[in-house]
Amino acid sequence: MNTKEVLGVFEWLTLMIICSRCGETRGEDEFYIKKNGKRWSGCKACHRAASTRWRNKNLECARESSRDWCAAHPEYYRQKRREWYLRNQEQCKQKARERRARIRAQ
Ligand SMILES: [Zn+2]
């Protein structure tokens, strides 16, 4: 191994972070960065799992806070929804077709 390779391994090691929740070693991009520039101690997967758990436990509160958020950022919300729709257009159309077929079958 030459110096460059050793440095490469060292760099890789410093980029690997141990998640405080699942204990897995993960790359730097597997962690969210907080608004204050610090990194979350839990990895993205754990973070997502925790927020889903919270959401399921506090459905009313989550619904209300997302409603509040949408009301406060109508432009952003509309744009995000459009982006989402453009990305999932085919699925949406397929779902609509299925729904229509179901209604007709009744
Ligand atoms: Zn984790």
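Just follow the structure's listing: the first ligand is 1, and inside any ligand the first atom is 1. Any value given below was found using the heavy atoms of this structure, including those in side chains, with hydrogens, waters and symmetry copies removed.
- Lys44 NZ: more than 12 foreign heavy atoms inside a 6.0 Å radius.
- Partners of Lys80 under the side chain to side chain contact (heavy atoms under 4.5 Å, CB included) rule, at least two apart in sequence or in another chain, are Tyr76, Glu83.
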TODO: Report the C-alpha distance between Glu98 and Lys95 in whole Å, list the side-chain angles of each, state the deciding distance to 0.1 Å, and finish with yes or no for salt bridge (Lys or Arg N to Asp or Glu O under 4.0 Å).
DONE: CA-CA 5 Å; Glu98 283 169 18; Lys95 281 250 168 67; over 6 Å; no
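- Between the side chains of Gln94 and Arg97, at least one donor-acceptor pair of N or O atoms lies under 3.5 Å.
- Exactly one of Arg82, Arg87, Arg81 qualifies for a side chain to side chain contact (heavy atoms under 4.5 Å, CB included) with Trp84. That residue is Arg87.
- Only protein N, O or S atoms were considered, and those under 2.8 Å from the Zn ion (ligand 1) are Cys19 SG, Cys22 SG, Cys43 SG, Cys46 SG.
- The shortest distance between side-chain heavy atoms of Arg39 and Ile17 falls below 4.5 Å.
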